[in-house]
S.K.: 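Before we start, here is the structure in question, set down as C-alpha coordinates.
Numbering of residues begins at 1 and proceeds along the displayed sequence. Hydrogens, waters and symmetry mates are skipped; everything else that's a heavy atom, side chains included, is used.
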Amino acid sequence: MTTQLTTHKIGTREEWLAARRDLLAAEKELTRRSDELAQRRQQLPWVRIEKDYRFETEAGSVTLAELFRGRSQLLVYHFMFGPDYTAGCPSCSSIADGFNGFAIHLANHDVMLWAVSRAPFAKLQPYKQRMGWTFPWASSFGSDFNFDFASSFTEEQQREGHIEYNYQREAAFLSRPAQEGGGGTASAQSAAMCGIDVPTYQRDRPGMSAFVLEDGSVYHTYSTYGRGLDALWGMYQWLDRAPMGRNEAGVWWRRHDEYGTR
(Lines give C-alpha, C1' and ligand atoms only; values in the text may rest on other atoms or scores of the structure.)
Protein backbone atom coordinates (compact mmCIF):
# COMPACT_ATOMS: atom_id res chain seq x y z
CA MET A 1 0.00 0.00 0.00
CA THR A 2 1.43 3.39 -1.06
CA THR A 3 0.50 6.56 0.80
CA GLN A 4 0.00 9.69 -1.26
CA LEU A 5 1.87 12.43 0.56
CA THR A 6 0.23 15.84 0.75
CA THR A 7 2.02 19.14 0.36
CA HIS A 8 4.09 19.71 3.47
CA LYS A 9 6.36 22.46 4.68
CA ILE A 10 10.01 22.01 3.72
CA GLY A 11 12.56 23.67 6.01
CA THR A 12 16.19 23.81 6.97
CA ARG A 13 17.83 21.59 9.57
CA GLU A 14 17.92 24.59 11.93
CA GLU A 15 14.17 25.18 11.52
CA TRP A 16 13.51 21.48 12.09
CA LEU A 17 15.64 21.45 15.26
CA ALA A 18 13.87 24.49 16.72
CA ALA A 19 10.45 22.95 16.04
CA ARG A 20 11.61 19.60 17.40
CA ARG A 21 12.73 21.17 20.67
CA ASP A 22 9.32 22.82 21.06
CA LEU A 23 7.67 19.46 20.43
CA LEU A 24 10.03 17.76 22.89
CA ALA A 25 8.83 20.06 25.66
CA ALA A 26 5.23 19.07 24.88
CA GLU A 27 6.17 15.38 24.76
CA LYS A 28 7.87 15.61 28.15
CA GLU A 29 4.77 17.26 29.61
CA LEU A 30 2.63 14.45 28.20
CA THR A 31 4.98 11.87 29.75
CA ARG A 32 4.77 13.63 33.11
CA ARG A 33 0.97 13.70 32.93
CA SER A 34 0.94 10.02 31.89
CA ASP A 35 3.03 9.14 34.95
CA GLU A 36 0.59 11.04 37.15
CA LEU A 37 -2.37 9.20 35.61
CA ALA A 38 -0.64 5.86 36.21
CA GLN A 39 -0.35 6.76 39.89
CA ARG A 40 -4.03 7.71 40.01
CA ARG A 41 -4.96 4.33 38.51
CA GLN A 42 -3.03 2.62 41.27
CA GLN A 43 -4.81 4.73 43.89
CA LEU A 44 -8.32 3.66 42.85
CA PRO A 45 -10.16 1.76 45.60
CA TRP A 46 -10.20 -2.02 45.26
CA VAL A 47 -13.53 -3.82 44.96
CA ARG A 48 -13.70 -7.36 46.33
CA ILE A 49 -14.96 -10.00 43.90
CA GLU A 50 -17.75 -11.98 45.56
CA LYS A 51 -19.03 -13.98 42.56
CA ASP A 52 -17.58 -17.38 41.69
CA TYR A 53 -16.56 -16.98 38.04
CA ARG A 54 -15.51 -20.09 36.11
CA PHE A 55 -13.36 -20.22 32.99
CA GLU A 56 -12.44 -22.98 30.55
CA THR A 57 -8.70 -23.16 29.85
CA GLU A 58 -6.12 -25.63 28.58
CA ALA A 59 -5.90 -26.82 32.20
CA GLY A 60 -9.65 -27.37 32.41
CA SER A 61 -12.20 -25.40 34.41
CA VAL A 62 -10.59 -22.82 36.72
CA THR A 63 -11.62 -19.98 39.00
CA LEU A 64 -10.67 -16.32 38.62
CA ALA A 65 -8.12 -16.74 41.41
CA GLU A 66 -6.52 -19.63 39.54
CA LEU A 67 -5.90 -17.40 36.51
CA PHE A 68 -3.23 -15.64 38.59
CA ARG A 69 -1.02 -18.76 38.40
CA GLY A 70 0.95 -17.85 41.49
CA ARG A 71 1.22 -14.13 40.73
CA SER A 72 -0.45 -11.37 42.72
CA GLN A 73 -1.65 -9.34 39.74
CA LEU A 74 -3.84 -10.22 36.76
CA LEU A 75 -4.52 -8.28 33.57
CA VAL A 76 -7.43 -9.41 31.40
CA TYR A 77 -8.01 -8.32 27.83
CA HIS A 78 -11.69 -8.66 26.96
CA PHE A 79 -11.27 -10.08 23.46
CA MET A 80 -14.27 -9.72 21.13
CA PHE A 81 -15.07 -13.30 20.19
CA GLY A 82 -18.70 -14.03 20.99
CA PRO A 83 -20.33 -17.47 20.84
CA ASP A 84 -21.71 -16.79 17.34
CA TYR A 85 -18.49 -15.39 15.85
CA THR A 86 -16.74 -17.55 13.25
CA ALA A 87 -13.41 -15.75 13.91
CA GLY A 88 -12.01 -13.28 16.39
CA CYS A 89 -12.53 -9.54 15.97
CA PRO A 90 -9.85 -8.19 13.57
CA SER A 91 -9.17 -5.18 15.81
CA CYS A 92 -8.75 -7.33 18.91
CA SER A 93 -6.58 -9.66 16.86
CA SER A 94 -4.32 -6.78 15.89
CA ILE A 95 -3.97 -5.77 19.54
CA ALA A 96 -3.36 -9.36 20.63
CA ASP A 97 -0.59 -9.78 18.06
CA GLY A 98 1.65 -7.97 20.52
CA PHE A 99 0.82 -10.14 23.54
CA ASN A 100 3.21 -13.00 22.78
CA GLY A 101 6.25 -10.76 23.06
CA PHE A 102 5.62 -9.21 26.46
CA ALA A 103 3.41 -11.76 28.27
CA ILE A 104 6.54 -13.64 29.34
CA HIS A 105 8.06 -10.44 30.74
CA LEU A 106 4.89 -9.64 32.70
CA ALA A 107 4.73 -13.19 34.05
CA ASN A 108 8.24 -12.75 35.43
CA HIS A 109 7.25 -9.47 37.07
CA ASP A 110 4.37 -10.85 39.16
CA VAL A 111 1.71 -10.09 36.51
CA MET A 112 -0.33 -12.63 34.50
CA LEU A 113 -1.86 -11.55 31.21
CA TRP A 114 -4.91 -13.38 29.85
CA ALA A 115 -7.33 -12.85 27.02
CA VAL A 116 -10.91 -13.78 27.91
CA SER A 117 -13.76 -14.26 25.43
CA ARG A 118 -17.33 -15.55 25.57
CA ALA A 119 -16.93 -18.07 22.75
CA PRO A 120 -16.60 -21.70 23.85
CA PHE A 121 -13.02 -22.80 24.47
CA ALA A 122 -13.25 -25.32 21.60
CA LYS A 123 -13.85 -22.42 19.22
CA LEU A 124 -11.04 -20.24 20.62
CA GLN A 125 -8.31 -22.87 20.32
CA PRO A 126 -8.29 -23.31 16.51
CA TYR A 127 -8.23 -19.55 16.03
CA LYS A 128 -5.39 -19.18 18.53
CA GLN A 129 -3.42 -21.81 16.63
CA ARG A 130 -4.17 -20.13 13.31
CA MET A 131 -2.81 -16.83 14.66
CA GLY A 132 0.27 -18.51 16.16
CA TRP A 133 -0.38 -17.10 19.62
CA THR A 134 0.99 -18.63 22.81
CA PHE A 135 -0.40 -16.29 25.48
CA PRO A 136 -3.12 -17.80 27.71
CA TRP A 137 -6.70 -17.40 26.47
CA ALA A 138 -9.73 -18.46 28.52
CA SER A 139 -13.39 -18.89 27.69
CA SER A 140 -16.00 -17.34 29.97
CA PHE A 141 -18.81 -19.11 28.11
CA GLY A 142 -21.80 -19.52 30.42
CA SER A 143 -20.33 -17.09 32.94
CA ASP A 144 -21.36 -13.55 33.85
CA PHE A 145 -17.76 -12.37 33.77
CA ASN A 146 -17.78 -10.34 30.54
CA PHE A 147 -21.24 -8.98 31.32
CA ASP A 148 -20.28 -7.90 34.83
CA PHE A 149 -17.20 -6.09 33.54
CA ALA A 150 -19.10 -4.21 30.83
CA SER A 151 -17.59 -5.88 27.78
CA SER A 152 -20.61 -7.99 26.77
CA PHE A 153 -24.29 -7.17 26.64
CA THR A 154 -27.59 -8.89 26.02
CA GLU A 155 -29.85 -8.44 23.03
CA GLU A 156 -32.46 -6.91 25.35
CA GLN A 157 -29.99 -4.32 26.68
CA GLN A 158 -29.04 -3.45 23.12
CA ARG A 159 -32.63 -3.16 21.92
CA GLU A 160 -33.86 -1.10 24.88
CA GLY A 161 -30.88 1.23 25.21
CA HIS A 162 -29.64 -0.20 28.50
CA ILE A 163 -26.02 -0.67 27.47
CA GLU A 164 -23.49 1.22 29.58
CA TYR A 165 -20.10 0.97 27.91
CA ASN A 166 -17.01 3.00 28.77
CA TYR A 167 -18.95 4.45 31.72
CA GLN A 168 -21.61 6.03 29.49
CA ARG A 169 -25.17 4.98 28.66
CA GLU A 170 -25.77 4.30 24.96
CA ALA A 171 -28.93 4.87 22.97
CA ALA A 172 -30.84 1.87 21.65
CA PHE A 173 -28.92 0.25 18.81
CA LEU A 174 -31.31 1.06 15.99
CA SER A 175 -31.44 4.75 16.96
CA ARG A 176 -27.68 5.25 17.16
CA PRO A 177 -25.92 7.18 14.38
CA ALA A 178 -23.70 5.09 12.11
CA GLN A 179 -20.56 6.92 13.19
CA GLU A 180 -21.24 5.83 16.79
CA GLY A 181 -21.39 2.14 15.87
CA GLY A 182 -25.09 1.93 15.02
CA GLY A 183 -24.53 -0.19 11.94
CA GLY A 184 -22.12 2.02 10.01
CA THR A 185 -19.67 0.89 7.36
CA ALA A 186 -16.80 0.20 9.78
CA SER A 187 -18.97 -1.92 12.07
CA ALA A 188 -20.49 -3.75 9.12
CA GLN A 189 -17.04 -4.49 7.70
CA SER A 190 -15.73 -5.81 11.02
CA ALA A 191 -18.90 -7.85 11.59
CA ALA A 192 -18.59 -9.42 8.14
CA MET A 193 -14.99 -10.38 8.93
CA CYS A 194 -16.34 -12.23 11.97
CA GLY A 195 -19.11 -13.97 10.01
CA ILE A 196 -21.96 -12.26 11.88
CA ASP A 197 -24.35 -9.31 11.58
CA VAL A 198 -23.69 -5.89 13.13
CA PRO A 199 -26.01 -6.21 16.17
CA THR A 200 -24.41 -9.51 17.16
CA TYR A 201 -20.94 -8.05 16.64
CA GLN A 202 -21.75 -5.04 18.82
CA ARG A 203 -22.95 -7.13 21.76
CA ASP A 204 -19.31 -7.82 22.58
CA ARG A 205 -16.90 -4.95 23.13
CA PRO A 206 -13.16 -4.57 23.72
CA GLY A 207 -11.83 -3.75 27.15
CA MET A 208 -9.14 -4.42 29.71
CA SER A 209 -9.57 -5.16 33.41
CA ALA A 210 -7.03 -5.48 36.23
CA PHE A 211 -7.25 -7.56 39.39
CA VAL A 212 -5.13 -8.19 42.47
CA LEU A 213 -4.97 -11.26 44.72
CA GLU A 214 -4.36 -10.57 48.39
CA ASP A 215 -4.83 -12.93 51.34
CA GLY A 216 -6.83 -15.32 49.20
CA SER A 217 -9.30 -12.70 47.97
CA VAL A 218 -9.50 -11.23 44.46
CA TYR A 219 -10.14 -7.52 43.99
CA HIS A 220 -11.04 -5.55 40.87
CA THR A 221 -8.76 -2.52 40.56
CA TYR A 222 -9.23 -0.97 37.10
CA SER A 223 -10.99 -1.28 33.74
CA THR A 224 -10.74 0.70 30.52
CA TYR A 225 -12.55 0.56 27.19
CA GLY A 226 -12.75 2.20 23.77
CA ARG A 227 -9.95 4.71 23.13
CA GLY A 228 -8.58 3.85 26.55
CA LEU A 229 -7.11 0.79 24.81
CA ASP A 230 -5.11 2.84 22.31
CA ALA A 231 -1.94 2.60 24.39
CA LEU A 232 -2.22 -1.21 24.27
CA TRP A 233 -2.57 -1.28 20.46
CA GLY A 234 1.09 -1.54 19.48
CA MET A 235 0.82 -0.64 15.79
CA TYR A 236 -0.78 2.71 16.60
CA GLN A 237 2.12 3.74 18.82
CA TRP A 238 4.34 3.35 15.77
CA LEU A 239 1.90 4.96 13.34
CA ASP A 240 1.58 8.02 15.58
CA ARG A 241 5.29 8.59 14.91
CA ALA A 242 5.15 7.94 11.16
CA PRO A 243 5.22 10.96 8.79
CA MET A 244 1.54 10.57 7.86
CA GLY A 245 0.34 9.39 11.27
CA ARG A 246 -2.60 6.99 11.31
CA ASN A 247 -3.67 8.09 7.84
CA GLU A 248 -6.84 6.03 7.91
CA ALA A 249 -10.42 6.11 6.79
CA GLY A 250 -12.35 3.19 8.16
CA VAL A 251 -11.06 -0.30 8.85
CA TRP A 252 -7.89 -0.78 6.79
CA TRP A 253 -6.24 -3.49 8.90
CA ARG A 254 -6.71 -7.24 8.54
CA ARG A 255 -5.74 -10.25 10.56
CA HIS A 256 -2.03 -10.76 10.06
CA ASP A 257 -2.50 -13.81 7.81
CA GLU A 258 -4.99 -12.06 5.49
CA TYR A 259 -2.98 -9.25 3.91
CA GLY A 260 -1.94 -11.38 0.96
CA THR A 261 -5.60 -11.97 0.09
CA ARG A 262 -6.67 -8.30 -0.04
S.K.: Is it true that atom NZ of K28 has more than 12 heavy atoms of other residues, nucleotides or ligands lying nearer than 6.0 Å?
M.R.: no
S.K.: Side chains of F147 and R118: does their closest heavy-atom pair fall under 4.5 Å?
M.R.: yes
S.K.: Between E155 and R203, is any pair of side-chain heavy atoms under 4.5 Å apart?
M.R.: yes
S.K.: Less than 4.5 Å apart, side chain to side chain, heavy atoms only: is that true for M112 and L106?
M.R.: no
S.K.: Sub-3.5 Å donor-acceptor pair from the side chain of S94 to the main-chain atoms of P90, do we have one?
M.R.: no
S.K.: Decide yes or no for E258 and M193: does some side-chain heavy atom of the first lie under 4.5 Å from some side-chain heavy atom of the second?
M.R.: yes
S.K.: Using modelled atom types and a 3.5 Å cut-off, is there a donor and acceptor pairing between side-chain atoms of Q189 and backbone atoms of A186?
M.R.: no
S.K.: Step through it carefully: locate the ring centre of Y219, locate the ring centre of F211, and say whether they are under 6.0 Å apart.
M.R.: no
S.K.: Heavy atoms only: give me the nearest V111-R71 pair and the separation to one decimal.
M.R.: N-CG, 3.6 Å
S.K.: Any side-chain to backbone donor/acceptor pair from Y85 onto Y201? Under 3.5 Å, distance only.
M.R.: yes
S.K.: Checking A38 now: which residues fulfil side chain to side chain contact (heavy atoms under 4.5 Å, CB included) with it, not counting sequence neighbours?
M.R.: R41, Q42
S.K.: Any side-chain heavy atom of S217 within less than 4.5 Å of one from W46?
M.R.: no
S.K.: Answer yes or no: is there a side-chain heavy-atom contact under 4.5 Å between D204 and S151?
M.R.: no
S.K.: Is it possible for you to check whether R246 lies under 6.0 Å from the centre of the six-membered ring of Y236, through NZ or CZ, and within 45° of that ring's axis?
M.R.: yes
S.K.: If you look at every heavy atom in A119 and S139, which pair is closest and at what distance?
M.R.: O-OG, 2.6 Å
S.K.: Is a side-chain donor or acceptor of T57 paired with a backbone partner of A59 at a separation under 3.5 angstrom?
M.R.: yes
S.K.: If every non-hydrogen atom of H220 is compared with every non-hydrogen atom of S223, which pair is closest and at what distance?
M.R.: NE2-OG, 2.8 Å
S.K.: Residues in side-chain hydrogen bond (donor to acceptor under 3.5 Å, both in side chains) with S143, at least two apart?
M.R.: none
S.K.: Mind checking the NE2-NE2 spacing from H105 to H109? Nearest 0.5 Å is all I need.
M.R.: 12.0 Å
S.K.: State plainly whether the residues E36 and R32 are in salt-bridge range, i.e. N to O under 4.0 Å.
M.R.: yes
S.K.: For the residue pair F149 and H78, categorise the inter-ring angle as parallel (less than 30°), tilted (30 to 60°) or perpendicular (more than 60°).
M.R.: parallel
S.K.: Under 3.5 Å, is there a donor-acceptor pair between the side chain of Y165 and the main chain of G226?
M.R.: yes
S.K.: May I ask you to decide if I163's main-chain N or O and Q158's side chain share a donor-acceptor pair within less than 3.5 Å?
M.R.: no
S.K.: To the nearest 0.5 Å, tell me how far L74 CG sits from L113 CG.
M.R.: 8.5 Å
S.K.: Between N100 (side chain only) and G132 (backbone N and O only), is there a donor and an acceptor less than 3.5 Å apart?
M.R.: yes
S.K.: Please round to the nearest 0.5 Å and tell me the distance separating atom CG of L23 and atom CG of L30.
M.R.: 10.0 Å
S.K.: Between T221 and L44, does a side-chain contact (heavy atoms from CB on, under 4.5 Å) hold up when you go through it step by step?
M.R.: CA-CA 7 Å; T221 67; L44 287 171; over 6 Å; no
S.K.: Would you say CZ of R20 has more than 12 non-hydrogen atoms from neighbouring residues, nucleotides or ligands within 6.0 angstrom?
M.R.: yes
S.K.: I would like to know whether V218 and V212 meet side-chain contact (heavy atoms from CB on, under 4.5 Å); could you show each step before the answer?
M.R.: CA-CA 6 Å; V218 178; V212 67; over 6 Å; no
S.K.: Given side chain to side chain donor-acceptor pair (under 3.5 Å), test Q157 with E164 step by step and report yes or no.
M.R.: CA-CA 9 Å; Q157 286 177 303; E164 186 167 312; over 6 Å; no
S.K.: CD1 of I10 to OG1 of T12: how many Å apart, nearest 0.5 Å?
M.R.: 11.5 Å
S.K.: If we only count heavy atoms from C-beta on, is the W253 to E248 side-chain gap below 4.5 Å?
M.R.: yes
S.K.: Examine F141 together with F121 and report whether their ring centres are nearer than 6.0 Å.
M.R.: no
S.K.: Should we say atom CZ of R169 is surrounded by more than 12 heavy atoms from elsewhere, each under 6.0 Å from it?
M.R.: yes
S.K.: To the nearest 0.5 Å, what is the distance between OG on S190 and CD on Q202?
M.R.: 9.0 Å
S.K.: Can we call the ring centroids of Y225 and Y167 under 6.0 Å apart?
M.R.: yes
S.K.: Side chain to side chain donor-acceptor pair (under 3.5 Å) for Y77 and S209? Distances and angles first, verdict last.
M.R.: CA-CA 7 Å; Y77 180 73; S209 293; over 6 Å; no
S.K.: Could you please spell out the steps behind the side chain to side chain donor-acceptor pair (under 3.5 Å) verdict for W133 and D97?
M.R.: CA-CA 7 Å; W133 294 333; D97 277 336; 3.0 Å; yes
S.K.: Using modelled atom types and a 3.5 Å cut-off, is there a donor and acceptor pairing between side-chain atoms of K123 and backbone atoms of P83?
M.R.: yes
S.K.: If every non-hydrogen atom of A172 is compared with every non-hydrogen atom of R159, which pair is closest and at what distance?
M.R.: CB-O, 3.3 Å
S.K.: Identify the heavy atoms of F135 and A115 that sit nearest to each other, and give their distance.
M.R.: CE1-CB, 3.8 Å
S.K.: side-chain contact (heavy atoms from CB on, under 4.5 Å) for R130 and D257? Distances and angles first, verdict last.
M.R.: CA-CA 9 Å; R130 169 189 163 186; D257 64 350; 2.8 Å; yes
S.K.: Within this structure, what is the OG-CD distance for the pair S117 and E56, rounded to the nearest 0.5 Å?
M.R.: 14.0 Å
S.K.: Do V62 and R54 have side chains that approach each other closer than 4.5 Å (heavy atoms only, starting at C-beta)?
M.R.: no
S.K.: Under 3.5 Å, side chain of S72 to main-chain N/O of L213, donor-acceptor pair present?
M.R.: no
S.K.: Looking only at atom types and distance, does a side-chain atom of T200 sit under 3.5 Å from a main-chain N or O of I196, one as donor and one as acceptor?
M.R.: no
S.K.: With respect to W137, which candidate in W114, F99, F79, F55 satisfies the ring pair (Phe, Tyr, Trp, His ring centres under 6.0 Å) definition?
M.R.: F79
